[in-house]
Amino acid sequence: MKNREIAEMFERMADVLEFQGEMPFKVNAYRKASRVLQDLDQDIEEIWRAGELEKIPGIGSGLAKKIDEYLRTGRMTKYEEVVSQVPSELIDLMQIPNLGPKTLAMAHKHLGVRDLDSLKKVIADGSLAGLPGMGEKKVQNILRGIQLFEQSQARISIGEAYPIVEQIIGQLKSHPAVLKISPAGSLRRMKETVGDIDILVATERGREVIQEFVRLPQVQDILAAGETKGSVLVQGGRQVDLRAVAPDSFGAALQYFTGSKAHNVHLRDLAKRDGLKINEYGIFRGEEKLGGKEEEEIYHILGMDWIPPEMREDRGEIDLALQHALPRLITLQDIRGDLHVHSRYSDGHSSIPELVEAAKERGYEYIGVCDHSQSVKYAQGLTPEKLLEKVEEIRRLNEGLNGFQVLAGAEVDILGDGQLDYPDEVLAELDIVIAAIHQGFKQNVTERILAAMRNPHVLIVAHPTGRLLSGREGYEVDVEAVLRGAAETGTVLEINAYYDRLDLDDAHARRAAELGVLLAINTDAHLIDHLKMMLYGVGVARRAWLSPEKVINTWPVQKILELRKRKQQRLAG
DNA sequence: GCCGTTTTCGGCCCGACTGTTTTCAGTCG
């Protein structure tokens with residue numbers, strides 16, 4: 001897949017062109033194309049071979065030509081030309097908050113700034129503050145931006161951001177002036193990573209609520225505290241923005257601040273064609289306000305159904321909403337069990353009865369206890385003998401559980417040669433077999449996974465790409481081939497809900513569903529507390545537009561067990 | 001650079017905030 005590669009080239013070109021003062025609309029065209037390519041769930045090379053590049057929204061003849069050149073020759077002349085005009089360290093500085101292309105260009109032109117060090121120098125010696133339109137305060141803001149930049153304001157996983165928001169909302173919602181409170185931004189859209197954290201409040205007394213907010217005990221630094229917006233840093237230097245709006249505008253503001261930007265731009269464009277205007281205060285015809293108190297009003301007045309936040313990426317959801325044809329997305333309440341959790345038998349921290357209790361508390365009907373297999377020494381993988389002991393314990397336990405069922409399983413390793421870490425006769429004793437790669441990330445991974453999927457006992461492949469959001473790249477694997485293999489063999493693919501994995505991601509999960517592959521959302525919990533991460537996996541599934549029937553752990557347990565039988569018959573026949 | 005039952009040319013989302021200004025530019029979301 002060259003999608004990301006090309007997207008990054010266009011993004012870089014946009015940065016350089018913007019720095020050079022190119023027309024904003026051209027710059028935006030590159031940015032939009034970059035985003036569309038990143039979100040594309042299909043391989044750009046396939047589209048290219050079909051001669052359909054220009055059918056991608058945001059790709060016209062000019063960009064199609066550049067993509068074509070790149071895919072044919074491995075080079076993009078225009079990219080090389082543009083990028084070579086400006087030192088790359090200089091363009092990197094555009095990531096610094098409060099330092100935009102204009103200021104940077106001016107500092108470059110008049111003061112010779114070309115990288116972070118020279119920027120710091122002209123701040124320290126006061127020459128930056130002496131430029132026209134600059135002053136001490138602007139420079140101080142840039143300095144603070146540099147600090148944020150340096151402590152790497154990288155996006156954080158939703159699993160880190162969500163608890164921060166939950167805590168703040170818990171603290172503020174009982175305040176008498178707070179009428180409504182909701183997360184907004186990419187967090188509300190359940191994006192796998194979150195930049196800034198946005199929270200929205202409906203109130204008549206904004207200043208008071210924002211004062212309360214900036215005085216919360218976890219606040220480490222106050223960046224702004226006005227009547228409509230408060231901005232603070234909490235643990236780990238994470239920025240949280242709280243916006244206060246009047247109750248009459250809460251729906252419009254929530255819509256606006258939830259984004260995505262691309263979704264909103266598209267929506268406003270539609271509104272404009274109907275002679276309407278949308279802003280964060282409401283939806284208007286001329287001076288007349290037609291709505292804005294509830295988010296639904298915005299969508300209904302535009303003639304469409306309300307769109308779940310997770311779908312708001314301008315990937316076709318607006319057309320579906322206009323046709324009243326949005327899918328019924330899976331919800332957390334649809335989940336009947338977690339098929340991949342670890343117990344104390346391997347590297348988990350809980351006994352099986354403890355896991356059962358926790359699963360029951362969550363309203364589950366079943367749980368799949370899948371510990372590591374023998375060759376995963378660092379995780380205390382089970383020998384076949386120990387595994388069979390575990391199966392015995394589970395069988396005994398199930399007799400007293402009236403209704404609830406523990407599935408005896410294993411997360412069996414796919415070895416270097418594509419063989420599984422237990423013989424088939426051991427796998428046959430289990431209710432559920434999940435295959436996974438834990439070693440040899442660069443070693444024929446695609447072939448090994450395909451081989452594992454051909455084993456009739458293997459129902460699920462766990463975390464199919466192996467990526468970690470905290471940094472690990474993932475296996476060298478041809479994802480499209482794995483998705484097709486899953487479709488052919490009737491193997492289920494996992495959406496691993498553990499916050500650092502979220503693997504498959506939303507684009508791959510959507511592609512899988514298109515190919516007819518079934519999915520399972522599992523937490524891979526090693527602690528009781530991890531079970532709640534199911535929420536993030538469901539978020540990925542909703543971003544992939546999945547309805548409950550596509551996800552096997554919304555099914556009754558019997559149907560899951562039958563699925564394995566069906567796969568065995570299919571491979572035998 | 002993209003795009004079109006308003007247009008193949010002339011549009012391209014919209015507003016707040018900040019700091020620097022005396023009417024506005026830059027940045028952000």
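The sequence lines fix the lettering, A, B, ..., with proteins before strands; numbering per chain opens at 1. This is a predicted model, so every value here is computed, not measured.
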Using the side-chain heavy atoms of [X], tell me which of these nucleotides is nearest: [options].
{"X": "A/N141", "options": "B/dT27, B/dT18, B/dC2", "value": "B/dT18"}
{"X": "A/A29", "options": "B/dG19, B/dC2, B/dC14", "value": "B/dC2"}
{"X": "A/T103", "options": "B/dG1, B/dG26, B/dG29", "value": "B/dG26"}
{"X": "A/K102", "options": "B/dC14, B/dG26, B/dG29", "value": "B/dG26"}
{"X": "A/K137", "options": "B/dG1, B/dG29, B/dG19", "value": "B/dG19"}
{"X": "A/T228", "options": "B/dC2, B/dC17, B/dC12", "value": "B/dC17"}
{"X": "A/R243", "options": "B/dG1, B/dG29, B/dC28", "value": "B/dG29"}

Whole-Å gap separating [atom2] ([N]) and [atom1] ([X]):
{"X": "A/I67", "N": "B/dG1", "atom1": "CD1", "atom2": "P", "answer": "13 Å"}
{"X": "A/F257", "N": "B/dC28", "atom1": "CZ", "atom2": "C1'", "answer": "11 Å"}
{"X": "A/L131", "N": "B/dG19", "atom1": "CG", "atom2": "C1'", "answer": "15 Å"}
{"X": "A/D274", "N": "B/dT5", "atom1": "CG", "atom2": "P", "answer": "13 Å"}
{"X": "A/L223", "N": "B/dC17", "atom1": "CG", "atom2": "P", "answer": "16 Å"}
{"X": "A/L37", "N": "B/dC2", "atom1": "CG", "atom2": "P", "answer": "12 Å"}
{"X": "A/K272", "N": "B/dT7", "atom1": "NZ", "atom2": "P", "answer": "15 Å"}
{"X": "A/M94", "N": "B/dG26", "atom1": "CE", "atom2": "P", "answer": "13 Å"}

Over all strands shown, is [X] touching base, sugar-phosphate only, or nothing at heavy-atom distances under 4.0 angstrom?
{"X": "A/L267", "result": "nothing"}
{"X": "A/N98", "result": "sugar-phosphate"}
{"X": "A/P101", "result": "sugar-phosphate"}
{"X": "A/I96", "result": "sugar-phosphate"}
{"X": "A/E22", "result": "nothing"}
{"X": "A/K66", "result": "sugar-phosphate"}

With rounding to whole Å, what would you report as the distance between [N] and [M] at their [atom1] atoms?
{"N": "B/dG15", "M": "B/dT20", "atom1": "P", "value": "26 Å"}
{"N": "B/dA16", "M": "B/dG11", "atom1": "P", "value": "25 Å"}
{"N": "B/dC12", "M": "B/dT8", "atom1": "C1'", "value": "15 Å"}
{"N": "B/dT23", "M": "B/dT18", "atom1": "C1'", "value": "15 Å"}
{"N": "B/dC3", "M": "B/dC13", "atom1": "P", "value": "13 Å"}
{"N": "B/dG26", "M": "B/dT21", "atom1": "C1'", "value": "12 Å"}

Legend entry - Atom pair CD (A/Q211) and CD (A/E227), whose distance is rounded to the nearest 0.5 Å: 11.0 Å
Inset, instruction - Rounded to the nearest 0.5 Å, what's the gap from CG on A/L290 to CD1 on A/I283? Could you check? - result: 6.0 Å
Legend entry - Nearest atoms (heavy-atom pairs only) where A/A177 meets A/E208: CB-OE2, 4.3 Å
Give a yes-or-no answer on whether the side chains of [X] and [Y] include a donor-acceptor pair shorter than 3.5 Å.
{"X": "A/Q171", "Y": "A/Q218", "result": "yes"}
{"X": "A/D524", "Y": "A/N496", "result": "yes"}
{"X": "A/E69", "Y": "A/T77", "result": "yes"}

Inset, instruction - Report the residue (A/S61 or A/L104) whose heavy-atom-nearest nucleotide on DNA chain B is the more 5′ of the two. - result: A/S61
Inset, instruction - Hey, which sits more toward the 5' end of DNA chain B by its nearest nucleotide, A/M23 or A/V265? - result: A/M23
[N] phosphate, OP1 or OP2, under 4.0 Å from [X] side-chain N/O:
{"X": "A/N279", "N": "B/dG15", "result": "yes"}
{"X": "A/K26", "N": "B/dC12", "result": "no"}
{"X": "A/Y281", "N": "B/dA16", "result": "yes"}
{"X": "A/K261", "N": "B/dC14", "result": "no"}
{"X": "A/K32", "N": "B/dC12", "result": "no"}

Legend entry - Mutual orientation of the aromatic rings belonging to A/H263 and A/Y299 [parallel < 30°, tilted 30-60°, perpendicular > 60°]: tilted
Inset, instruction - Any strand is fair game: report the nucleotide pairing with B/dG19 by Watson-Crick or G-U wobble, both distances under 3.5 Å, or none. - result: B/dC24
Legend entry - Evaluation steps, side-chain contact (heavy atoms from CB on, under 4.5 Å), between A/I44 and A/I67: CA-CA 9 Å; A/I44 186 80; A/I67 295 171; 4.2 Å; yes
